[in-house]
Amino acid sequence: MRISKLFGKTQREIPAEADTISHQLLLRAGMISQVAAGVYSYLPFAWRALRKIEDIIRDEMNRAGGQELTLPVLQPLELWQESGRDQAFGKSLFTLSDRRERSLVLGPTHEEVITQLVSHHVQSYRDLPLLLYQIQTKFRDEPRPRGGLIRVREFTMKDLYSFDVDEEGLEESYQKMLQAYKNIFNRCGLPTMLVEADSGAIGGKDSHEFMLLAESGENENIYCPGCGYAANAEKAEIAKGTIDGGEPLPLEEVATPGMTSIEQVSGFLGVPQNLTLKAVFYVADGEFIFVVIRGDLDVNETKLQNALHCYELRMATEAEVIEAGIVPGSASPVGIGSIRIVSDDSVPVTANLVGGANKPDTHLKNVNHSRDFSADIVADIALAHAGDTCPKCGHELEATRGIEVGHIFKVGTAHSEKLGALYADADGVSHPIIMGCYGIGLGRLLAAAIEQNHDEKGIIWPMPIAPYQVYLCPLYRDNTEVSEVAERLYTELEAEGIKVLLDDRTESPGVKFNDADLLGIPLRVTISPRTLEKGSAEIKRRTEREFELAPLEEVTARLKELVAEGIKTS
RNA sequence: CGGGGCGUAGCUCAGCCAGGUUAGAGCGCAGUGUUCGGGUCGCUGAGGCCGGAGGUUCGAAUCCUCUCGCCCCGACCA
């Protein structure tokens with residue numbers, strides 16, 4: 001490709017709307033253009049990189065035994081009502097009406113459609129297992145699109161669905177995909193962290209996310225340098241330790257004038273925070289909920305939502321708290337009547353806690369679960385932080401941010417039961433098919449690749465997903481020999497299957513070098529009268545400052561070597 | 001949905017508070033000369049319904065009302 005013909009221009013200034021690095025660079029490199037909030041056009045340069053990623057994904061899916069197909073974007077709303085997920089998706093579901101006023105949705109994912117499809121075409125255990133996938137556009141009306149391609153409303157996704165007869169089969173499919181995903185990210189040259197993930201209210205047991213580590217990541221991940229335990233903070237568990245509060249003592253009111261926070265009460269009474277009771281209030285699908293947890297811990301809202309099996313969860317307002325008859329700052333679960341109580345599992349095992357008295361400026365000593373109050377739900381609802389203790393090995397946990405680029409999970413039979421995807425076993429008995437679901441967001445991966453691979457000058461593409469492999473950069477200076485050599489080399493490299501971007505513009509060296517850096521092509525070859533004097537060309541890696549001088553007749557061979565090396569070591 | 005910010009040339013912005021010739025700059029673009037190993041320097045030129053609608057006024061980019069859009073933080077995100 002000649003850069004003079006390439007659609008999409010580089011830009012010096014950082015576009016005002018872009019905050020995220022990948023967003024800025026994608027715009028400056030002329031790779032994407034915004035159409036609406038969370039909706040982008042991909043220009044040729046970005047599209048080439050996306051296609052490289054797509055090729056790697058497709059190859060790994062096929063190797064793992066996946067069969068590619070394509071499912072419709074336009075789907076009847078009834079299908080979603082049948083599965084019950086029109087509620088779960090809520091406003092994120094794009095809906096529309098056709099000319100006969102029938103309601104349709106733009107598919108945010110394809111479990112429903114594929115489960116129905118499979119129900120029509122699978123009858124016997126002999127038809128299973130199946131791994132079916134597609135690479136296709138999804139639509140989700142995100143409440144807040146952000147970060148350029150990181151969170152958008154229309155995006156390309158690879159989604160694979162596995163169908164098995166039993167748990168062992170599902171496990172096998174799951175492991176295949178886990179490995180395929182590792183291969184994909186490795187082959188793309190993009191190191192990821194595999195973390196345990198929350199599978200949501202509907203999902204089944206296991207769920208893992210692939211996190212590409214980046215400061216700008218939306219997810220916090222907790223991991224253990226000791227044993228390798230890693231989990232999304234939404235899911236992460238911690239060893240809370242048991243604190244010996246002694247034998248249960250009689251409940252006792254104490255005056256705590258002006259003390260409303262755990263910190264204040266703990267300091268005032270000289271009681272450690274882990275012997276206090278923290279109260280927090282939520283509204284779950286409209287119901288007021290009283291949540292208690294040991295004073296040194298925080299509530300993990302994802303875990304809480306899972307414990308409550310609710311769609312909507314938010315913190316209660318102070319007015320709602322007061323209306324519920326609770327005294328903020330001195331709230332107590334003791335004697336609060338019919339309000340549902342959710343307790344972290346740290347509370348029942350700790351004796352003689354200090355909690356609120358539900359009277360201003362008063363707290364209770366020696367609050368004991370079961371004796372003084374009883375939670376309706378006891379579950380692990382604690383939020384993990386860096387510095388907490390690893391639940392597996394006791395080492396101190398650390399935290400790191402990441403972008404979720406892949407998510408795999410065991411769905412189970414939720415959809416197959418609702419949509420009637422059954423198979424007959426060897427005895428002719430019907431069972432629901434067991435499903436797994438595996439997704440990669442391609443555009444997000446593209447953006448994440450840039451988040452992970454850039455410097456102050458621009459993008460640094462890993463070789464395997466680079467839109468072009470070589471940036472051929474002749475510095476003309478009205479020199480016909482330079483342009484002849486460049487043209488010859490260009491033809492030769494293309495003939496060898498190397499993807500070359502030829503900077504055929506009569507720009508100054510500075511302009512060309514800066515564009516080369518911004519565009520981030522892994523190898524740069526400079527030809528100038530100066531290099532020709534030595535009968536050679538300069539070869540420079542984007543990742544390095546220094547260049548090497550190669551005799552002209554060896555340039556092609558050397559570049560082939562470097563391209564191969566870049567693909568292999570990535 | 002709550003909070004904050006912004007809509008003026010393809011891009012980045014000034015002008016608005018305090019209304020008044022023909023709305024400006026830099027980048028980019030076209031032409032031209034110059035320079036040539038890290039965004040060279042000139043000259044000439046094209047390019048604007050000042051997001052949209054209504055209002056106030058002799059007069060609105062500027063003031064008022066409504067609206068649409070975009071960005072950021074939060075909520076949300078199977």
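In what follows, chains are A, B, ... by sequence order, proteins preceding strands, each numbered from 1.
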Enquirer: Any chance CD of A:E215 has more than 12 other-residue heavy atoms, nucleotides or ligands included, within less than 6.0 Å?
Expert: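 12 or below, so no.
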Enquirer: Tell me yes or no: between the side chains of A:D159 and A:Q134, is some donor less than 3.5 Å from an acceptor?
Expert: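 Their side chains do contain a donor-acceptor pair, which is all the 3.5 Å distance test asks for.
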Enquirer: Heavy atoms from C-beta onward define the side chain here; which of B:A78, B:C13, B:C70 lies closest to that of A:A37?
Expert: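 Closest nucleotide to the A:A37 side chain: B:C70.
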Enquirer: Which residues within residues 504-520 of chain A lie with some heavy atom under 4.0 Å of an atom in RNA chain B?
Expert: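 RNA chain B contact set from residues 504-520 of chain A: A:S508, A:P509, A:G510, A:V511, A:F513, A:N514, A:D515, A:D517.
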Enquirer: Given side chain to side chain contact (heavy atoms under 4.5 Å, CB included), test A:E209 with A:M193 step by step and report yes or no.
Expert: CA-CA 8 Å; A:E209 287 166 338; A:M193 177 184 262; over 6 Å; no
Enquirer: Expected output is a numbered-order residue list: members of residues 284-292 of chain A with a heavy atom under 4.0 Å from any atom of RNA chain B. What is it?
Expert: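 Nucleic-acid contacts, sorted: none.
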Enquirer: Quick one: do the A:D164 and A:S173 side chains pair a donor with an acceptor below 3.5 Å?
Expert: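 Judged by distance alone, the side chains do pair up.
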Enquirer: What is the distance, to the nearest angstrom, from the CG atom on A:L93 to the P atom on B:C77?
Expert: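 Atom-to-atom, A:L93 to B:C77, this comes out as 14 Å.
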Enquirer: Tell me whether the side-chain N or O atoms of A:E538 pair up with the base of B:G37 as donor and acceptor below 3.5 Å, since no angle test is needed here.
Expert: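 For A:E538, whose side chain was compared with the base of B:G37, there is a donor-acceptor pair (under 3.5 Å).
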Enquirer: Contact list please: residues 20-28 of chain A against RNA chain B, heavy atoms, distance less than 4.0 Å, in numerical order.
Expert: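 Contacting residues: A:R28.
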Enquirer: By nearest heavy atom, map A:P145 and A:T10 onto RNA chain B; which one lands nearer the 5' end?
Expert: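 Between the two, 5'-proximity favours A:T10.
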Enquirer: Strictly by modelled atom types, are A:Q305 and A:Y282 linked by a side-chain donor-acceptor pair under 3.5 Å?
Expert: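 Not at all, the side chains of A:Q305 and A:Y282 share no donor-acceptor pair under 3.5 Å.
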Enquirer: Tell me whether the guanidinium CZ or amine NZ of A:R48 lies under 6.0 angstrom from the six-membered ring centre of A:Y468 and within 45° of its axis.
Expert: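 Output yes; distance and angle both within limits.
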Enquirer: Taking atom types as they are modelled, would you say the side chain of A:E13 forms a donor-acceptor pair with the base of B:G28 within the 3.5 Å cutoff?
Expert: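 In this structure, the two groups form no donor-acceptor pair.
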Enquirer: Which atom pairs link the protein and nucleotides 1-8 of chain B when you take only N or O atoms and keep those under 3.5 Å?
Expert:
none

Enquirer: Between A:W80 and A:Q75, do the side chains contain a donor N or O and an acceptor N or O under 3.5 Å apart?
Expert: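 Yes, a side-chain donor-acceptor pair sits under 3.5 Å.
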Enquirer: What pairs with A:F288 under ring-ring contact (aromatic ring centres under 6.0 Å, His included), at least two apart in sequence or on another chain?
Expert: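 For A:F288 the ring-ring contact (aromatic ring centres under 6.0 Å, His included) partners, ignoring immediate neighbours, are A:F281.
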Enquirer: What is the distance from CD of A:E142 to P of B:C71, rounded to the nearest Å?
Expert: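 Interatomic distance, CD of A:E142 to P of B:C71: 13 Å.
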Enquirer: Is it true that A:T400 and A:Y223 share a donor-acceptor pair across their side chains at a distance under 3.5 Å?
Expert: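 Side-chain D/A pair, A:Y223 to A:T400: absent.
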Enquirer: Quick check: on RNA chain B, is the nucleotide nearest A:R524 upstream (toward 5') of the one nearest A:R153, or the reverse? Name the residue that is more 5'.
Expert: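 Looking at the nearest nucleotide for each, A:R524 comes out on the 5' side.
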Enquirer: Nearest whole Å is fine: how far is B:C72 C1' from A:E17 CD?
Expert: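 Those two atoms, CD and C1', are 12 Å apart.
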Enquirer: Please check if the side chain of A:H110 supplies one atom and the backbone of A:P72 the other of a donor-acceptor pair under 3.5 Å.
Expert: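 Answer holds: yes.
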Enquirer: Grab the CZ-C1' distance between A:F547 and B:G38 for me, whole Å please.
Expert: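 Atom-to-atom, A:F547 to B:G38, this comes out as 12 Å.
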Enquirer: Separation of A:R146 atom CZ from B:C70 atom P, in whole Å?
Expert: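 Rounded to whole Å, this separation is 16 Å.
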Enquirer: Taking only residues two or more places apart in sequence or in another chain, which ones pass salt bridge (Lys or Arg N to Asp or Glu O under 4.0 Å) with A:E111?
Expert: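 A:R85.
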Enquirer: To the nearest Å, how far apart are A:D19 CG and B:C70 C1'?
Expert: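 It works out to 13 Å between those atoms.
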Enquirer: Quick one: A:I14 CD1 to B:C11 P, roughly how many Å, whole number?
Expert: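 Atom-to-atom, A:I14 to B:C11, this comes out as 16 Å.
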Enquirer: Distance check needed: B:C29 C1' versus A:Q11 CD, whole Å only.
Expert: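 One finds 13 Å between C1' of B:C29 and CD of A:Q11, rounded.
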Enquirer: Contact class for A:L313 (heavy atom, under 4.0 Å): base, sugar-phosphate, or nothing?
Expert: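 Since only primed, P, OP1 and OP2 atoms lie under 4.0 Å of A:L313, the category is sugar-phosphate.
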Enquirer: Would the number of heavy atoms belonging to other residues, nucleotides or ligands and lying under 6.0 Å from CD of A:E287 be above 12?
Expert: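 Yes, because the 6.0 Å sphere around CD of A:E287 holds more than 12 heavy atoms from other groups.
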Enquirer: Donor-acceptor pair under 3.5 Å: do we get one between A:R314's side chain and the base of B:C76?
Expert: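 Not at all, since no donor on one side and acceptor on the other fall under 3.5 Å apart.
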